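Atoms within a ligand are numbered from 1 in the order they appear, just like the ligands themselves. Worth saying up front: this structure is predicted, and the values here are computed from it rather than measured. Keep in mind that the numbers below use all heavy atoms, side chains included, and drop hydrogens, waters and symmetry copies.
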Amino acid sequence: MRKVFIHTFGCQMNEADSARMIEALAKSGWAPTGSPDDADLVILNTCSIREKSEQKLLSALGRYRPLKAERGARIGVGGCVAQQEKTRLLKKVPYLDFVFGPDQVGKLPEIVRRVEEENVRLAETEWLDSSTYVFPQADPDFARGRATAFVTAMKGCNNVCSFCIVPYTRGREVSRPVDEILEEVRGLTSVGVKEITLIGQNVNSYAGGVSFAELLRRTAAVDGVERVRFTTSHPHDLSDELIALFAEEPKVMPHFHLPVQSGSDSVLVRMRRTYTVEWYLDRLEKLRAARPGIAITTDIIVGFPGETDEDFQKTMDLVERVRFENAFSFIYSPRPRTAAARHLHEWGEVPRETAVARLVRLQAVLREHSFEYYASCIGTQVEVLVEGPSRYDPERRFGRTPENRVVNFDGDAEVGQTVMVRVDEATPNSLSGVQVGHSPAEPAQRGDSGRVRLSVVS
Ligand code: SAM
Ligand code: SF4
């Protein structure tokens, strides 16, 4: 069998798309390989959210170029850069064979066949709207041996955040019909998957026949589903119904990723985020009341055009107030076609050194807060769903707590089992410990966050 290697950049949507590419190509006789060196086909599934992501594509392409001369491998680029650049990418990179947009994943085997048989260079980047788009269905056979899976709930985004290129690379929102989603979930649990993460750029604006909260409820009710997660959510679509679900449905895990972007209302207005800091804090307060101990994580941009020292201080104040469990933080990167890039000079470009200094200050505080959460687990037992061997030591196991904290531990549990682990050490983004039992604690013993405080620690 000929072999395909996929290099995935960026978000969970891209990870899920790459999985669908492998499955589609398998039907045409392609086998996946973990190494580009024995691949006959190399696909780069790209991200264009920041300029750096695009630069990463170009340097990776340079690394794969010799494969073409040495073994005649074909090279294709998919994802957001493909959608943005279209045929321009074929002109810029003469050794590239084909370019395809995120909506063309199902057509990939046909594109590859044409490239090979007709010896043509192709760019397929047509948008498909809700009347024509069919979400590729995951093949459960490929999920065998896995404890967790992403399930696509929707694609695209109808918001127009002024910094963001996603609406131009992923198009308008299309929600996947609820029955299709549940069928995919049933297929995944039939091969042993225990945790489902529903994904979409703006997943909580889901409109595929039921509300997003109802979709989560129905997903949790599928036989074999033990944990339900979702990402990413926009604060203005965080409904009371969704908050109430956190009090009602224990299979929905106590973790909410809610990107705030800035702690300054005037910056949020220029970002076109359509909520205020007060609204954001109110949502968090209600979430924390609905599920005490819930882990709140976020995304923050610094150096957005016109961000003053006072604006940045407001972000720092918000961070102190919320004490996020984890956060992705970025320096603003101007993206083509976006409103913020067009208004960059009018609103005021923040000098690079200022933006870097702000990011360094912010990340130091974020790290401190993360570490406090992780260190507070030392001496407790946490419930862990085992996902596989630890990345750092294959003799150890790796899994996550309900709050999505990464745990590496000594033990003999199998993938898909949920076990209790005694935590002995913590870093700002992981826990380390020892398995102390095969079954999770009885619900009565458990705190809302699934954590048990030990009375005696040996
Ligand atoms: N849909 C999510 C939301 O509304 O929050 C965000 C999805 S985006 C793929 C992930 C994160 O990338 C954003 O939350 C934002 O913090 C960051 N991001 C997006 N565009 C950016 C830009 N031009 N410069 C820097 N960071 C950016
Ligand atoms: Fe981008 Fe805003 Fe849509 Fe998120 S909600 S994907 S930041 S446009």
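- Interface atoms of ligand 1 facing Thr232, defined by a heavy-atom separation under 4.0 Å, are 2 (C).
- Below 4.0 Å from some heavy atom of Tyr332 lie the following atoms of ligand 1, by number and element: 24 (N), 25 (C).
- By the 6.0 Å and 45° rule, Lys107 does not stack over the aromatic ring of Phe100.
- Protein heavy atom at the shortest distance from atom 3 (C) of ligand 1 is Arg273 NH1, 3.7 Å.
- Of all atoms in ligand 1, numbered sequentially from 1 with element shown, those under 4.0 Å from a heavy atom of Gln201 are 1 (N), 2 (C), 7 (C), 9 (C).
- With respect to Arg218 and Glu214, a salt bridge is recorded, a charged nitrogen being found less than 4.0 Å from a carboxylate O.
- Within the 4.0 Å heavy-atom cutoff, Asn202 does not count among the residues contacting ligand 1.
- When the shell of 6.0 Å around CZ of Arg321 is examined, it contains 12 or fewer heavy atoms from other residues, nucleotides or ligands.
- Checked by atom type and distance alone, the side chain of Tyr206 pairs as donor or acceptor with a backbone atom of Arg176 at under 3.5 Å.
- Taking atom 25 (C) of ligand 1 as the reference point, the nearest protein heavy-atom neighbour is Ile331 O, 3.5 Å.
- Atom 26 (N) of ligand 1 has as its closest protein heavy atom Arg50 NH1, 3.3 Å.
- The protein non-hydrogen atom at the shortest distance from atom 16 (O) of ligand 1 is Gln261 OE1, 2.7 Å.
- The part of Arg335 lying near ligand 1 is the side chain, judged by heavy-atom distances below 4.0 Å.
- A search for ring pair (Phe, Tyr, Trp, His ring centres under 6.0 Å) contacts involving Phe142 returns nothing, not counting sequence neighbours.
- Counting only residues at least two apart or in different chains, ring pair (Phe, Tyr, Trp, His ring centres under 6.0 Å) contacts with residues 311-342 comprise His257-Phe328, Phe304-Tyr332.
- Residue Lys286 holds its NZ atom at 10.0 Å from CG of Leu238, rounded to the nearest 0.5 Å.
- We find the CZ-CE distance between Phe230 and Met253 to be 11.5 Å, quoted to the nearest 0.5 Å.
- Although no hydrogens or angles enter the test, the distance criterion places no donor-acceptor pair under 3.5 Å between the side chain of Glu425 and the main chain of Ser432.
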Decide side-chain contact (heavy atoms from CB on, under 4.5 Å) for Leu385 and Arg227; before the verdict, give the C-alpha distance in whole Å, the side-chain angles of both, and the deciding distance to 0.1 Å.
-> CA-CA 9 Å; Leu385 172 64; Arg227 293 177 164 198; 3.5 Å; yes

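- Sorted by first and then second residue, the ring pair (Phe, Tyr, Trp, His ring centres under 6.0 Å) pairs involving residues 270-302 (not counting sequence neighbours) are His234-Tyr275.
- At a heavy-atom cutoff of 4.0 Å, ligand 1 is contacted by both the backbone and the side chain of Phe163.
- Counting heavy atoms under 4.0 Å from ligand 1, residue Ile165 does not touch it at all.
- With respect to Glu387 and Arg400, a salt bridge is recorded, a charged nitrogen being found less than 4.0 Å from a carboxylate O.
- The pair Asp265-Lys314 fails the salt-bridge criterion, with no side-chain N (NZ, NE, NH1 or NH2) lying under 4.0 Å from an Asp/Glu carboxylate O.
- Remark: minimum distance from atom 9 (C) of ligand 1 to any protein heavy atom is reached at Ile49 CD1, 3.5 Å.
- Per-residue contacts place His234 under 4.0 angstrom from the following atoms of ligand 2 (heavy atoms of the residue considered): 5 (S).
- In this structure, Arg273 has a heavy atom closer than 4.0 Å to ligand 2.
- Summary of contacts: the protein heavy atom closest to atom 10 (C) of ligand 1 is Asp299 OD2, 3.7 Å.
- Nearest protein heavy-atom neighbour of atom 24 (N) of ligand 1: Ser333 N, 3.0 Å.
- A salt bridge does not link Glu183 to Arg186: none of the charged nitrogens lies less than 4.0 Å from a carboxylate oxygen.
- Only protein atoms were considered; those of element N, O or S under 2.8 Å from atom 1 (Fe) of ligand 2 number 1.
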